[in-house]
Amino acid sequence: MVCKLCGEKAQVEVRSRGLALCKGHYLDWFVKETERAIRRHRMLSPGERVLVAVSGGKDSLALWDVLHRLGYQAVGLHLQLGIGAYSERSLEVTRRFAQERGLELWVVDLKEAYGFGVPELAQLSGRVACSACGLSKRYIINQVAVEGGFRVVATGHNLDDEAAVLFGNLLNPQEDALARQGPLLPEKPGLAARIKPFYRFSEREVLSYALLRGIRYLHEECPNAKGAKSLLYKEALNLVEKEMPGAKLRFLEGFLDKIQPRLQAGEEVVLQECQRCGYPTTGAVCSFCRMWDAVYRRAKKRRLLPEEAEFTPKAEAVRVP
Ligand code: SF4
Ligand SMILES: [Zn+2]
Ligand SMILES: [Zn+2]
């Protein structure tokens, strides 16, 4: 197999797009494709400041790397979730990445900010770990972005992630989730815009970029990811993709182009300020505040917190050296 552009030995085959490229041309192609996605959806203006949610995994570190190379002022935000050694290693890898490149990194420690990490939060809230964690991540990332004056938050979701979410939302039809899914969620008062510049790259393509760029990322998955439905959906879609290269991309893009606009034609959801924290929500109190208020009540009953302890929604993001 030779590179389509220079005839040298190809290092990566992008079957879905009928491409084979050498290392140099693959790295260039990857960066240009990201830029194309950013322009196509008007995700960022040239050189704009953007908050990148970084877990330490290949997708988020590759995204931070590409956005930096494209000239955006990409600031990293890492959440310390308190999931044992996995969380410690995530921070270590993220810090090393930032230090080696002189990039600005902010960290919010869930335990320091609110008193509990994900394992205790899950137990006290009665939710499964990923539900409590996901809700906290979305809320805190948005809060840090808004307070820090960022218009946009970027996440490393790739095609496999997005196609799996779509698959899940179709299996158990969720009309509002289907209407909202996409590479760009525009900003609203109190809500930063959310962008997914890698949404057209498969997991394998992002992995190839990370490896060829020599990015040292955390290889292990969060222990709570085991058994997640999204992994089953990814496996199912990979089976289809194997027989029909490009099927995953057609599935996602076909939905976004042809079906989603009809779903969005419905009524716009009305948002109001949460009575507790002031951030936008559909009810009187947002689900983040409701979850943590309940956690504090239970923690006091079990004497894990003193009677006078009060949940405060605001988290401090600390800039790490
Ligand atoms: S797998 Fe679940 S618990 Fe682990 S980081 Fe992701 S959402 Fe959080
Ligand atoms: Zn080449
Ligand atoms: Zn709230």
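For ligands, and for the atoms within them, numbers begin at 1 and follow the listed sequence. When a residue number appears, it is its place in the shown sequence, counting from 1. Just so it is clear, the structure is predicted and the values come from calculations on it, not from any experiment. Only this structure's heavy atoms are used, side chains among them; waters, hydrogens and symmetry mates stay out.
Taking the side chain as every heavy atom from C-beta outward, Leu81 and Tyr86 never approach each other to under 4.5 Å. You'll find the side chain of Val12 stays beyond 4.5 Å of the side chain of Tyr209, heavy atoms only.
Take the Zn ion (ligand 2) as the corner point: the lines to SG of Cys22 and to SG of Cys6 open at 110°, to the nearest 10 degrees. Geometry about the Zn ion (ligand 3) gives an angle of 120° between SG of Cys277 and SG of Cys286, rounded in steps of 10 degrees.
Aromatic ring orientation, Phe116 versus Trp292: parallel (interplanar angle below 30°, classes split at 30° and 60°).
Atom 4 (Fe) of ligand 1 has Cys222 SG, 2.3 Å as its closest protein atom, hydrogens excluded (heavy atom only). Taking atom 5 (S) of ligand 1 as the reference point, the nearest protein heavy-atom neighbour is Lys137 NZ, 3.6 Å. Summary of contacts: the protein heavy atom closest to atom 2 (Fe) of ligand 1 is Cys130 SG, 2.3 Å. Ranking protein heavy atoms by distance to atom 8 (Fe) of ligand 1, first place goes to Cys133 SG, 2.3 Å. The protein heavy atom nearest to atom 3 (S) of ligand 1 is Asn224 ND2, 3.4 Å.
In His25, the N, O or S atom that comes nearest to the Zn ion (ligand 2) is ND1.
Judged by distance alone, the side chain of Glu241 and the main-chain N or O of Gly246 form a donor-acceptor pair under 3.5 Å. In this structure a side-chain-to-backbone donor-acceptor pair under 3.5 Å is present from Tyr26 to Glu205.
Residues Leu21 and Val31 share a hydrophobic cluster, clusters being chains of Ile/Leu/Val/Met/Phe/Trp/Tyr side chains in contact below 4.5 Å.
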